[in-house]
Trainee: 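Quick one: the structure is below, and I'll ask about it shortly.
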Amino acid sequence: MLFIFLTGSIFILEYYIKKYMDRTGTLQEQRPLFNGKIILKKYYNTGAAGNFLSSRPEWMKRIHAGMLAAVSVLLCTLPKKRHAFAKTGLSFLAGGGASNLHDRLSKGHVVDYFSLGFGPKRFRRLVFNLADFFVFAGIILCMIQILAKED
């Protein structure tokens, strides 16, 4: 039950952040935060990371839905005992993935809204949302669980 609550909380948090970002500003507007370390800017992404498959949005919807279904099945069937990192990681993946899939299905694009104002130039061009970080963190937690089992 805790993991379902975590998944839902991530989805709801991102829903309201994206709703706010979608209503405010323009796609060209940039608002620096923390002395320019974080840049708020609205961006509509029809593909995956780096606009991968942006020319095939229907494929992207199907792949995304299939991956979310697989993660959800694992989340619901994996026993909690001795799998806490994996269950937490799958909750992060499901919450972030559900948020982005909701955007993809309801709007035809994912609302991304911040980028980094430091680091290599190619990384500063990328625009993310909080769901992307939950997906990334979920993958890391699942990998930790897998690597811990190999010892």
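By convention here, the first residue in the shown sequence is residue 1.
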Trainee: When you check the side-chain N and O atoms of D103 and Y44, is any donor under 3.5 Å from an acceptor?
Mentor: no

Trainee: As an exercise, state the distance from OG of S72 to CE of M67, rounded to the nearest 0.5 Å.
Mentor: 11.0 Å

Trainee: How close do C142 and L93 get, counting heavy atoms only, and between which atoms?
Mentor: SG-CD1, 4.3 Å

Trainee: Backbone N or O of M60 within a donor-acceptor pair of the H64 side chain at under 3.5 Å?
Mentor: no

Trainee: Of all heavy-atom pairs between T77 and V73, which one has the smallest distance, and what is that distance?
Mentor: OG1-O, 2.8 Å

Trainee: Could you see if F128 belongs to whatever hydrophobic cluster contains L33? Use Ile, Leu, Val, Met, Phe, Trp, Tyr and a side-chain cutoff under 4.5 Å.
Mentor: yes

Trainee: Give every residue pair that meets the side chain to side chain donor-acceptor pair (under 3.5 Å) criterion with at least one member in residues 29-43, sequence neighbours excluded.
Mentor: Y43-N51

Trainee: Looking at K18 and D112, is any side-chain nitrogen of the basic one under 4.0 Å from a carboxylate oxygen of the acidic one?
Mentor: no

Trainee: With the 4.5 Å side-chain cut-off for hydrophobic clustering, are M143 and F85 part of the same group?
Mentor: no

Trainee: Once you measure the plane-to-plane angle for F134 and F92, does it fall in the parallel (<30°), tilted (30-60°) or perpendicular (>60°) bin?
Mentor: perpendicular

Trainee: Are I140 and L6 co-members of a hydrophobic cluster defined by side-chain heavy atoms under 4.5 Å apart?
Mentor: yes

Trainee: How about S115 and L40: do any of their side-chain heavy atoms sit closer than 4.5 Å?
Mentor: no

Trainee: Through direct or indirect side-chain contacts below 4.5 angstrom among Ile, Leu, Val, Met, Phe, Trp and Tyr, which residues connect to I39?
Mentor: none

Trainee: Kindly indicate whether the side chain of I139, heavy atoms from C-beta on, has any atom under 4.5 Å from the side chain of V135.
Mentor: yes

Trainee: Testing the basics here: between L116 and R124, what is the closest heavy-atom pair and its distance to 0.1 Å?
Mentor: O-CG, 3.2 Å

Trainee: Please examine the side chains of H109 and T46, heavy atoms only from C-beta on, and report whether any two atoms are closer than 4.5 Å.
Mentor: yes

Trainee: Looking at every heavy atom in both F34 and I38, which two are closest together, and how far apart are they?
Mentor: CD1-CG1, 3.9 Å

Trainee: Donor-acceptor check, side chain of K87 to backbone of L75, threshold 3.5 angstrom: yes or no?
Mentor: yes

Trainee: Apply side chain to side chain contact (heavy atoms under 4.5 Å, CB included) to the pair S91 and I4, showing each step before the final yes or no.
Mentor: CA-CA 7 Å; S91 296; I4 301 300; over 6 Å; no

Trainee: Would a distance-only check, ignoring hydrogens and angles, find a side-chain to backbone donor-acceptor pair under 3.5 Å from D132 to N129?
Mentor: yes

Trainee: With clusters defined by side-chain heavy atoms of hydrophobic residues (ILVMFWY) lying less than 4.5 Å apart, directly or transitively, does L130 cluster with Y16?
Mentor: no

Trainee: Decide if atom CZ of F136 counts as having more than 12 heavy atoms of other residues, nucleotides or ligands within a radius under 6.0 Å.
Mentor: no

Trainee: Nearest heavy-atom pair of G96 and I10: which atoms, and what distance?
Mentor: N-CG2, 3.6 Å

Trainee: To the closest 0.5 Å, what do you measure between CZ (R56) and CD1 (I63)?
Mentor: 11.0 Å

Trainee: Would you say the side-chain atoms of E14 pair up with the backbone N or O of S99, donor to acceptor, closer than 3.5 Å?
Mentor: no

Trainee: In terms of hydrophobic clustering (I, L, V, M, F, W, Y; side-chain heavy atoms under 4.5 Å; direct or indirect links), are M21 and F133 co-clustered?
Mentor: yes

Trainee: Start with the C-alpha gap between D22 and K107, add the side-chain angles, then the distance that decides, and say whether side chain to side chain contact (heavy atoms under 4.5 Å, CB included) holds.
Mentor: CA-CA 11 Å; D22 217 11; K107 301 173 187 170; 3.5 Å; yes

Trainee: Any side-chain heavy atom of V127 sitting closer than 4.5 Å to one from F114?
Mentor: no

Trainee: In this structure, are over 12 heavy atoms from other groups packed under 6.0 Å from F3 atom CZ?
Mentor: yes

